[in-house]
Amino acid sequence: MSLLRRPAWWAVLLTLAGTLLFLRLGVWQLDRANEKEQLLRRYATSATAPVREFAAAVDTSTADAYPHVQVHGEYLADRIYLLDNPKHDQRGGVEVYVPFRMSGQSRLLLVDLGFLPGNGTDQAPQLPPLPTGERELQGLYQPPPGVGFEMGGDALARQSSWPKTTVYLDVPQLSKDLGALLYPHVLLLDADPAAIYVREHTPDFSSMPPARHRAYAFQWFTFAVVAVVMFFILHRRRKPKASDSP
């Protein structure tokens with residue numbers, strides 16, 4: 001004799017859909033944890049890697065590599081962009097970007113000078129003057145920060161004075177604004193104790209570290225097990241009571 005009562009079709013469908021959803025969410029959380037760990041390892045490897053010449057490093061690097069490079073050229077010191085209020089331990093301020101013309105290259109490279117904390121007002125922090133003339137820079141060549149959801153159109157075109165402020169960094173828009181081609185990635189300068197800029201390039205996952213993603217994955221997998229167990233409990237065939245016997 002079967003230990004289970006015949007379940008309704010909707011009960012089977014609901015249990016199956018819920019279990020698959022919980023399993024999918026658990027796998028997604030595990031994938032997010034692995035992605036963040038790989039990203040942190042990539043930064044750690046790149047930061048300690050030997051410095052290479054820009055052209056050779058870019059030509060041979062893969063899409064997911066952040067080569068440690070050096071470049072030679074000069075800043076376009078009158079063309080500064082401020083990324084408004086990026087996340088640095090919840091501190092207000094700006095990330096400062098400057099185009100850099102490499103020697104013998106017509107294409108410009110956008111350089112991330114670093115983060116300047118806010119001054120407690122709505123005004124942008126006071127920027128120190130940039131050095132002029134030929135410079136040698138070293139840093140990580142990596143993708144720019146994500147654009148996210150854009151609102152309000154191209155705010156750069158509506159600004160006539162420099163530095164220009166933006167809430168997202170869109171390389172094609174900056175290229176159009178400068179009237180020159182930009183490399184698709186940006187150069188994040190190495191830390192310098194003498195610089196007033198904060199150069200914290202490793203992603204801050206303190207609010208959602210990989211371990212928390214794995215904890216959420218365990219939670220979703222537990223929900224999947226509970227859904228299956230509840231299905232069997234609710235459809236278990238009950239033994240007839242002694243008083244029900246003829």
Check: Phe54 ring centroid to Tyr141 ring centroid under 6.0 Å: yes
Side chains of Val96 and Tyr197: closer than 4.5 Å at any heavy-atom pair? yes
Contacts under 3.5 angstrom, residues 217-231 side chains, donor-acceptor by atom type, not counting sequence neighbours:
from   : atom 1 : to     : atom 2 : distance (Å)
Thr222 : OG1    : Phe218 : O      : 2.7

Only one of Pro184, Pro144, Pro143 forms a side chain to side chain contact (heavy atoms under 4.5 Å, CB included) with Val171, so which one is it? Pro144
Residues which pass side-chain hydrogen bond (donor to acceptor under 3.5 Å, both in side chains) with Glu53, listed by chain and number, not counting sequence neighbours: Gln70
Please tabulate, for side-chain N and O atoms in residues 98-108, each donor-acceptor pair with protein atoms closer than 3.5 Å (sequence neighbours left out).
from   : atom 1 : to     : atom 2 : distance (Å)
Ser103 : OG     : His72  : O      : 3.4
Ser103 : OG     : Glu134 : OE2    : 2.6
Gln105 : OE1    : Tyr183 : OH     : 3.3
Arg107 : NE     : Leu182 : O      : 3.3

For Trp9, the rest of its hydrophobic cluster, which grows through side-chain links under 4.5 angstrom: Trp10, Leu13
With side chain to side chain donor-acceptor pair (under 3.5 Å) as the rule and sequence neighbours excluded, what pairs involving residues 73-83 come up? Tyr81-Asp177
Apply salt bridge (Lys or Arg N to Asp or Glu O under 4.0 Å) to Arg135 and list each qualifying residue two or more places apart in sequence or on a separate chain. none
When clusters are formed from ILVMFWY side-chain contacts under 4.5 Å, directly or step by step, what else is grouped with Val51? none
Quick one: CG on Leu76 to CG on Leu109, what's the gap to the nearest 0.5 Å? 11.5 Å
May I have the list of side-chain donor-acceptor pairs in residues 16-29 shorter than 3.5 Å, sequence neighbours left out?
from  : atom 1 : to     : atom 2 : distance (Å)
Thr19 : OG1    : Thr15  : O      : 2.7
Gln29 : OE1    : His213 : ND1    : 2.6

Heavy atoms only: give me the nearest Pro210-Ala33 pair and the separation to one decimal. O-CB, 3.5 Å
Backbone of Leu82 reached by a side-chain donor or acceptor of Lys164 within 3.5 Å: no
Indicate the atoms forming the closest heavy-atom contact of Leu116 with Pro128, along with that distance. CD1-CD, 4.4 Å
With sequence neighbours excluded, residues passing side-chain hydrogen bond (donor to acceptor under 3.5 Å, both in side chains) with Asn34: Arg214
Just one of Asp112, Leu113, Val69, Leu140 clears the side chain to side chain contact (heavy atoms under 4.5 Å, CB included) bar with Leu187, so which one? Val69
Can you name the nearest heavy-atom pair linking Pro163 to Gln159, along with the distance? O-OE1, 4.4 Å
Whichever hydrophobic residues join Tyr216 through chains of side-chain contacts under 4.5 Å: Met208
Run Val111 and Leu137 through side chain to side chain contact (heavy atoms under 4.5 Å, CB included) and show every step you take. CA-CA 9 Å; Val111 174; Leu137 306 179; 4.1 Å; yes
CZ-CZ distance between Arg212 and Arg32, expressed to the nearest 0.5 angstrom: 13.5 Å
Contacts of type side chain to side chain contact (heavy atoms under 4.5 Å, CB included), residue Leu39, not counting sequence neighbours: Arg42, Tyr43, Tyr66, Pro203, Phe205
For a quick test of reading the model, state the closest non-hydrogen atom pair linking His68 to Asp190 and the distance between them. NE2-OD2, 2.9 Å
Counterpart residues, side-chain hydrogen bond (donor to acceptor under 3.5 Å, both in side chains), relative to Gln38 (two or more places apart): none
Report yes if the side chains of Leu169 and Leu174 come closer than 4.5 Å at any heavy-atom pair, otherwise no. yes
